[in-house]
Amino acid sequence: MSWKTLEMNQPHVAKTITNSIRKGRVAHAYLFKGQKGTGKKEAALLFAKRLFCLTHVHDEPCEICVNCRRIESGNHPDVHLVIPDGNSIKKQQIEQLQEEFTKTAVESSRKLYIIEHADQMTVQAANSLLKFLEEPSAKTVAILLTEQFHRILPTIVSRCQVVSFHPLSTERIYAYLQQEGVARELAILAARVTNNVEEAYQLSQDDWFAQARKIVIQLYEALNKQYVQALLVIQQHWLTHFTNKEQMNIGLDLLLYLYKDLLYVILGEKQQIAYDDCISEFQRSRFLYCEKQIAQHMKAILQAKARLHTNMNPQLLMEQLVLQLREGSAFV
Ligand SMILES: [Zn+2]
């Protein structure tokens, strides 16, 4: 993540970092809270780079000086990262950190540490950290990261400046994916399927996702032809590709967005369309449906999504859905 991306995705976070440095008011401890994929760790590393950078331009770390590069590769002697050892962060890990910090900083007068998944500290580790936070050295900066803010001890929270990371909007994720060079047809769907930027990027890079999109289109085309053909797509492609609840949920989401597109075509709002390679198919099939039917079909897909949680047999679930998607259409 670059500084520019941080400014775009989490503007208030970029501002908080900039202001604390500019005004010489860097806190002893920060607590970055927010959902997975909101860029907390990346922001913490950018903060570290900005503090240690030798040639920063205004608020941005340069990314090329020796300090920026060593932080990037995890090799800076004065920047430490603590991650859970197995399922928890143990007391020894915090003690090691303290030991490290009692030595004077190797390269500069500052030291910074980042604790990832700070909520996974054991009680002993948290108490150990608390003591550390109670005797702050002017030159030490702590950044705690958490996706489970409610699990952090209030005594720790009270010693930190809390910085909130917001979930990204679909538009922001889409813009980010485009910036990363992801093809439009995948970026637009990946951004709709999840509000986790990391997950959206991974999906967009995964052949499975591109293939999922193809199968959804195949199913739609088959539905417009014959019931039997649609069942064949379910048997031969859908059930072998979407093999668990999570995957099924993504598949059903993709199908939902396809029907949404059909609605957009009928309403003449083509700029909203996700499946723009299907426009000619939409134009051909639009006369098979009226708006009300499309709304019913979307409702049926949402019901199928809800049924995923009832442990219904996936084949039965999809066959019922196919029946519903054929219902009331001009071709029955
Ligand atoms: Zn630099």
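First listed ligand is number 1; within each ligand, the first listed atom is number 1.
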> Do Lys33 and Phe149 form a cation-pi contact, if we require the NZ or CZ to be under 6.0 Å from the six-membered ring centre and within 45 degrees of the ring's axis?
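Yes; both conditions hold, so Lys33 lies above the ring face of Phe149.
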
> Scan residues 235-250 for pairs that pass salt bridge (Lys or Arg N to Asp or Glu O under 4.0 Å), counting only residues two or more places apart or in two chains.
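Found none.
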
> Just the protein N/O/S atoms under 2.8 Å from the Zn ion (ligand 1), please, no waters.
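Listed by chain and number, the atoms are Cys53 SG, Cys62 SG, Cys65 SG, Cys68 SG.
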
> Would you mind listing every salt bridge (Lys or Arg N to Asp or Glu O under 4.0 Å) that reaches into residues 189-198, with sequence neighbours excluded?
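For residues 189-198, and leaving out neighbouring residues, there are no salt bridge (Lys or Arg N to Asp or Glu O under 4.0 Å) pairs at all.
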
> Below 30° counts as parallel, above 60° as perpendicular, anything between as tilted: where do the rings of Tyr259 and Tyr289 land?
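It falls in the perpendicular class, over 60°.
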
> Going by side chain to side chain donor-acceptor pair (under 3.5 Å), name the residues that satisfy it together with Asn249, two or more places apart in sequence or in a different chain.
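For Asn249, the residues satisfying side chain to side chain donor-acceptor pair (under 3.5 Å) (neighbours in sequence not counted) are Lys305.
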
> With Asp78 as reference, evaluate Arg70, Lys139, Lys111 under the salt bridge (charged side-chain N to carboxylate O under 4.0 Å, His left out) test and give the passing residue.
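Passing option: Lys111.
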
